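These figures come from a predicted structure and were not determined experimentally. Computed over heavy atoms, backbone and side chain alike; hydrogens, waters and symmetry mates excluded. Chain A is the first sequence line, chain B the second, and so forth, proteins listed ahead of strands; every chain is numbered from 1.
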Amino acid sequence: MLESGVVSAKPHIDRSGPPLLSVRGLKKHFPIRKGTFGRVVGQVKAVDGVDFDLWPGETLGLVGESGCGKSTTGRAVLRLLEPTDGSVHFDGDDVRALDKEGLRKLRRRAQFVFQDPFGSLNPRMSVGAMLEEALKVHGLGGPNRRDRAVELLERVGLRSEHVDRYPHEFSGGQRQRLGIARALSVEPDFLVLDEPVSALDVSVQAQVVNLLEDLQRELGLTYLFIAHDLALVEHVSDRVSVMYLGRIVETAFSHDLYRDPRHPYTHALLSAVPRPDPAGREDRERVVLTGDVPSPSDPPPGCPFHPRCPNPRKDGRCSTVYPGAETAGDGHSAACHYPYFKV
Amino acid sequence: MSDAQTAGASLLAVSDLRTWFHTDQGVARAVDGVSFEVRGRETLGIVGESGCGKTVTSLSVLGLLPQPPAKIQEGSSIRFEGEELVGASTKRMRALRGNEISMIFQEPMSSLNPVYKVGDQIGEALRLHRGMNKRASRAEAVRLLTEVGIPEPDRRVDEYPHQLSGGMRQRVMIAMALSCEPQLLIADEPTTALDVTIQAQILELLASLRDSHGMAVLLITHDLGVVAEVCDRVVVMYAGQVVETGTVHEIFQDPQHPYTRGLLDSLPSVDDPGQRLRSIPGTVPNPIAWPHGCRFKDRCSLAGPGCEKPQDLVELGVDRAARCWRVES
Amino acid sequence: MSRGPETVVEQPVSGYAASARRPGGRGLSAVLPGLPQLLGGRWGTGAMALLTWLGMGLILAARSDRVLAATAGGWDQRVALATLLLALLASWIWSWREVAEADRLKTVGVSQWDLAVRAFSKNRTAVAGMIVIVGLYLVALLTPFIAPHDPNTQYDLLTNRLVGMSAEHPLGTDQFARDVLSRLLYGARISLSIGFVAVGISVTIGTLLGAIAGFFGGFIDGAIMRFVDMVISFPRLILLITIIAIFEPSIFLIITVLGLTLWPSTARIVRGEVLSLREREFVQAAEALGYPKKRIILRHLIPNALAPVIVAATLGIGNTIVLEAGLSFLGLGVQPPTPSWGTMVAAGRNNLLGAWWLSTFPGLAIVFTVLSFNLVGDGLRDALDPRLRS
């Protein structure tokens, strides 16, 4: 494992080959039921047509505010929630067509790390039992599952004697390491990280982020990193997709997105991030959006962002026609009729 | 925004505050000798990680901690406009709370009573503290809702908390806190549960209300970004103690205590990605058994001889101090 | 800097390790199990072990003839013999092991159950209730050795009918000149076993059906819960009267009917717990790891939904004992001459003024038993709820 301070460059990501994960037109609608007979009176369009590709070894950040559908997207691609529509291909296989056995195989290769370090571990199971269970169900680890469990603990920066302890005996950061160890137990290639550090203190956040980056380098993992903290997402991601009301409004290489946001929403979101730089606070350009995010059960027609959009060029087209996300030559796409461009 | 220099006289003076909790496992010294001062019209930020004692400090000021298990120790002093609050009668504290000192909390959903209409909850404070009648209090509630930027206040005043979004609920909380024109507003993680765009709205609102009402704000947060955006002066807390104080510029541009530096270093920066994050090893210690000597030494990269003895706050200038012997030279 | 070892926030367990760790603890435990714990201030566990040990010893010494004869006796005598030996062995081994283990008391690797046990043992009233319950069950099982007389033997009706307390009959005799103490002891077996077995049946059925309903949801949930509503809405008393009118009333019938009508409340509790647990991320993690549904229900959901079930079951045993007494009082339960507390109270009500002891002692037995179960139930509720366990 890496010693402190050593930064080895991330291997180059080859995007000419086939993507590991390819998502097209993904939708997840939750029915709203009312009355004694559970009549469906509407749909919460949590995810409403999401497209993205993820290449091996890459980290794609998925950012957005609460209720934008980023967590639902993460769950729907692994079929922890059944998608309503669209296609998901993992390493060429159609995930939505998988049978029970196929799904079990997928879950060896694609794992999930959850947000809540207190709720994501079974409080009645010791750490060893938890890790050995995962190995047992998938027939891994051979006769010495316990040795393998200890190895996993050490891999995530815990100690071998922790194997007999229970979740409540660990701090938040350590629990998050346990969640990562559990996900790694089945030797996956791909992890969906759903707000993996947002419940942690700043100093501990950094420890876990560094761990995730080390693991990615050493094991060649591919990450879908879901978070609301823009600075963090920029730090860990190769590319970033910004979500608003169930759709991706902008996708770009993280360096480009933060320097050159083209969608007015991304622009406003970035300007709203408080920065640890009091000197610059007086003269920084700040776009404060008015109002709240509309309800996903009744999204506005046309561009879902148009009622709050501060774009001076906004016109009637915005409230009638949904702008498609066209990818420019630099791999930067924005779903806006009148995107901002740096002059 | 006003600078510390132009701020008024001392409004709240906390000195050597010790709030301990008596538990089955032992005595948790959650707040262990904290001193700071809030002046009129300024925003003072108390920043620290979970378990550092920042929330217990603010609840101690308002006398909102159940005693027992909490106990404010002998020698602690909390003076509000010269009046000693430690040991003040419950009646006096009730008269102060909501009237002279108001507080808003992190979770606006659980801070509002779900069975009463928004207008009734704001009105209750007005009738109680300002002796208004029902009609006048309703009109005032509508005015306050307008002031905190809630659209259609005439309609919203008759809604229940669950009908409002998180940002709206926090605005309602602020309206309630403002209802009696307090001199000091204590805001405990007011934007932690909110999204960034809503957070920006609320922070902007707080700053403008502070200036228009001429009140002081004591902002308690773990988020250094928020501190940098709105505070004039900053108190950094760790393990129940103040480890560093200074103006917001001093703290962010010239941090003296290794913990403050560690916190700033562990932030991923929007402007400088790609670098490996520098984290602080270990976790916050247990308040039942704070480490001996310097409480940060087990996590400090500079720890060495000299850190074994308890550290005093070393004065570095006006309103500037750090709890580390290394800064003396 | 990468992953320096973090300091674990360990839960210190004060006042636990020190107690039994005194010189000679083991030797003392070998002679008088429970005494080291008692001296160490842990009177609850200590008293339980010591009383069991002394009580069993006393029976062995005073009733050696009956104990020796038990090997060739009926099944209830063999059960009594087995209980006696097991209780002796258990109290001795338990005390010994505990004294030995206290030297290396676990401060890490402490499970939620361990924490609950520690919290429970600090609750004095609950521990007292537990001692009473354990004592009651031991007495019930050991009745053939303890009872001074046969419960159904009628002594001379002329001289021994409705006689007050005496050395020969410590709690007097009833209208058929039978020994009340012996009938009370034998009655304990009926009342306690009905409560225990009926609740056992209902908890098993209720937990499984509730977990299945909560986990699968949708149609399965609807079907099970409507069935639950149906069972609950059917008046239990009328059902019992009907069944007893058709079949011969017997203990087994009563146990079966009670067991099969009590489970819906458990099912509701478990379903509610499972519904909220299903949203917890560790259950989603189990699904993400591709665990079979059966495993998720049995290993992840049920153990976490069990705490309220244990509390409800403990309180339920108390309630069932009262229910059985009520049924027997009405003549719908255990049939004479088999003694049960309910029938004894009923039989004594005609002589309440002349022979007060007939109804009073079985009545008190019911009160104390139910009270103990309620004390233990409340103690378990506090001990098992992590929010109440400060």
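Contact count against chain A (heavy-atom pairs under 4.5 Å) is highest for B:Thr197 among B:Val196, B:Thr197, B:Leu224. Of the listed residues (B:Ile251, B:Leu203, B:Val248), the one with the most heavy-atom contacts under 4.5 Å to chain A is B:Val248. Highest contact tally toward chain B, considering only A:Val287, A:Leu289, A:Asp229, is held by A:Leu289 [criterion: heavy-atom pairs under 4.5 Å].
Atom NE2 of A:His228 and atom CG of B:Leu194 lie 10.5 Å apart (nearest 0.5 Å). Here the straight-line distance linking atom CG of B:Leu267 with atom OG of A:Ser203 works out to 10.5 Å at 0.5 Å rounding. The distance from atom CD1 of B:Ile198 to atom OG of A:Ser66, rounded to the nearest 0.5 Å, is 8.5 Å.
Between the side chain of B:Glu229 and the backbone N or O of A:Pro278 there is no donor-acceptor pair closer than 3.5 Å. The backbone N or O of B:Ala228 lies less than 3.5 Å from no partner atom in the side chain of A:Asp277, so there is not a single donor-acceptor pair. When atom types are taken as modelled, the side chain of A:Gln207 and the backbone of B:Gly282 share a donor-acceptor pair closer than 3.5 angstrom.
Considering only residues two or more places apart in sequence or on other chains, B:Tyr238 meets the ring-ring contact (aromatic ring centres under 6.0 Å, His included) condition with B:Tyr259, B:Phe296. By the ring-ring contact (aromatic ring centres under 6.0 Å, His included) test, A:His332 is found to be paired with no residue, residues two or more places apart in sequence or in another chain being considered.
Using a 4.5 Å cut-off between heavy atoms, A:Val209 touches chain B through its side chain atoms alone. At a 4.5 Å heavy-atom cutoff, the contact between B:Glu49 and chain A is made by backbone and side-chain atoms alike.
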* Asked: Can you check side chain to side chain contact (heavy atoms under 4.5 Å, CB included) on A:Val204 and B:Ser279, steps first, answer last?
  -> CA-CA 7 Å; A:Val204 181; B:Ser279 63; over 6 Å; no
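By the 4.5 Å heavy-atom criterion applied to side chains, A:Gln205 and B:Ser266 are not counted as neighbours.
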